[in-house]
Amino acid sequence: MGDTLEKPDFRPIYEPTKQRPVGIPPPKESLIKDAFRLRTLMATGALAQIILFAVLPYRYAVVPALILILQSIGSTIGQLLFYKTNENPFMTGVVPGLTSGQPVSWETGRYPNAPCSSPIVVFHLGVCYNHPLGPACPGGKEVYTHFMNMITAMKEKKEEYGLLGMSNWKEEKRASHNAGLVVMYFRDVEGLHKFAHDKEHRDGWDFLHGFRKKGYNHITALHETFEVPAGGWESIYLDSPPILMGDTTVKVTEKDGSSTWYRSLVDASVRPLTGMMNRMARGKATARERYAY
């Protein structure tokens, strides 16, 4: 059971909370930008402008484009003027200085006595549409639905699966239709294995096998699993918002039966989190390492 009265060994960035963390979905704009090449987006805008010129007088036809241009310029100028203040939107959530992801104990809610003192399972789950139509290709809608069902199940059964957290990533090898990837962190392989045999994952896997039997092979589905022992991982973030391992949480049941969520992000500006080898609990960091992250 948790004991919130004991002083943690590391200095957490965030206070524990009684509210279950809710993940932020990726903006829909990111899906649109990756679904089309830049020239396709520009051509679409040009076509829209041509249509406006064809149906409206010149002085009215240019208004939508001018509004968009002025809005973009004004927004950029405003962001630059307030760049060094809390009003800069790109600094939202950024934690100044050095931080590290160090999950607390599932039983006690205490931060560990030493860095990376627990094993971690890293799981990559991804999909890619190798088709000119991208996600609008045959089977694309169904695969996207199954993929999102898996992610929803992960979030709803987070504690049951032993899921610490997840982050969304996008490959950038092609001009469009790149692979989308979710990086997840689990407490152990058993929890991940439970997810693999639950309905949401089995439904998606069965659909893909049936889809391939019909002669389609243009949709990539992938996963990678890494079981990392204690002392085999480390993390460091400089002037960064919570991300990857630093954006994980652990639910702990307190002595009174209530639930508390502890975030993993801690201050890494002091020992024992200075220097890579220190963060992997493999010895003392040299003076040079202390400033090498």
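What you see below is based on every heavy atom in this structure, not just the backbone, and it leaves out hydrogens, waters and symmetry mates. Remember, it's a predicted structure, so these values are computed and weren't measured experimentally.
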Check each of Phe186, Phe226, Tyr185 against Ile120 using the side-chain contact (heavy atoms from CB on, under 4.5 Å) test, and report the only one that passes.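 Filter result, single survivor: Tyr185.
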Does either side chain, that of [X] or that of [Y], offer a donor lying less than 3.5 Å from an acceptor on the other one?
X: Thr220; Y: Asn130; value: yes
X: Lys18; Y: Thr260; value: yes
X: His201; Y: Trp205; value: no
X: Gln102; Y: Ser264; value: no

Do Ser72 side-chain atoms and Leu68 backbone N/O form a donor-acceptor pair below 3.5 Å?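 Judged by distance alone, yes, a pair lies under 3.5 Å.
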Is there a donor-acceptor contact under 3.5 Å from the side chain of Asp267 to the main chain of Thr99?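 No, Asp267 side chain to Thr99 backbone: no donor-acceptor pair under 3.5 Å.
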For [X], I'd like to know if atom [atom1] has over 12 heavy atoms of other residues, nucleotides or ligands within 6.0 Å.
X: His124; atom1: NE2; result: yes
X: Tyr216; atom1: OH; result: no
X: Glu227; atom1: CD; result: no

Nearest 0.5 Å please: distance from the OH atom of Tyr144 over to the CD1 atom of Ile219.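 Answer rounded to 0.5 Å: 14.0 Å.
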Look up atom OG1 in Thr145 and atom CE in Met150, then write down how far apart they are to the nearest 0.5 Å.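 Answer rounded to 0.5 Å: 11.0 Å.
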For Glu200 and His146, run side-chain contact (heavy atoms from CB on, under 4.5 Å): C-alpha distance rounded to whole Å, both residues' side-chain angles, the deciding distance at 0.1 Å, then the answer. CA-CA 7 Å; Glu200 291 78 12; His146 284 298; over 6 Å; no
Between [Y] and [X], is there a side-chain heavy-atom distance shorter than 4.5 Å?
X: Glu142; Y: Phe207; result: yes
X: Met166; Y: Ile151; result: yes
X: Met154; Y: Lys158; result: no
X: Arg187; Y: Ser118; result: no

Would a line drawn from the ring center of Tyr58 to the ring center of Phe53 be shorter than 6.0 Å?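 Yes, they do, as the ring centres are separated by less than 6.0 Å.
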Under 6.0 Å between the ring centres of His209 and Phe211?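 So the answer is no for these two rings.
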Does [X] belong to the same Ile/Leu/Val/Met/Phe/Trp/Tyr cluster as [Y], with side-chain heavy atoms less than 4.5 Å apart forming each link?
X: Val63; Y: Leu52; result: no
X: Leu133; Y: Phe147; result: no
X: Tyr60; Y: Val62; result: no

How does the hydrophobic cluster around Leu47 look, that is, which other residues are in it when side-chain heavy atoms under 4.5 Å mark a link?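 Taking Ile, Leu, Val, Met, Phe, Trp and Tyr as members, Leu47 shares its hydrophobic cluster with Ile51.
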Share the residues that join Val270 in a hydrophobic cluster, the rule being Ile, Leu, Val, Met, Phe, Trp or Tyr side chains under 4.5 Å apart at the heavy-atom level.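 Other cluster members: none.
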Go through the structure and list residues passing side chain to side chain donor-acceptor pair (under 3.5 Å) with Tyr129, not counting sequence neighbours.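 Per chain and number, Tyr129 pairs via side chain to side chain donor-acceptor pair (under 3.5 Å) with no residue.
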Test side-chain contact (heavy atoms from CB on, under 4.5 Å) on Val183 and Leu244; report intermediate values, then the result. CA-CA 7 Å; Val183 180; Leu244 293 170; 4.3 Å; yes
Check Arg202 with Asp198, please: is the shortest side-chain N to carboxylate O separation under 4.0 Å?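 Result for this pair is no, no salt bridge flagged.
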Trp106 and Val252: CA distance, side-chain angles, deciding distance, side-chain contact (heavy atoms from CB on, under 4.5 Å) verdict: CA-CA 6 Å; Trp106 289 76; Val252 175; 5.7 Å; no
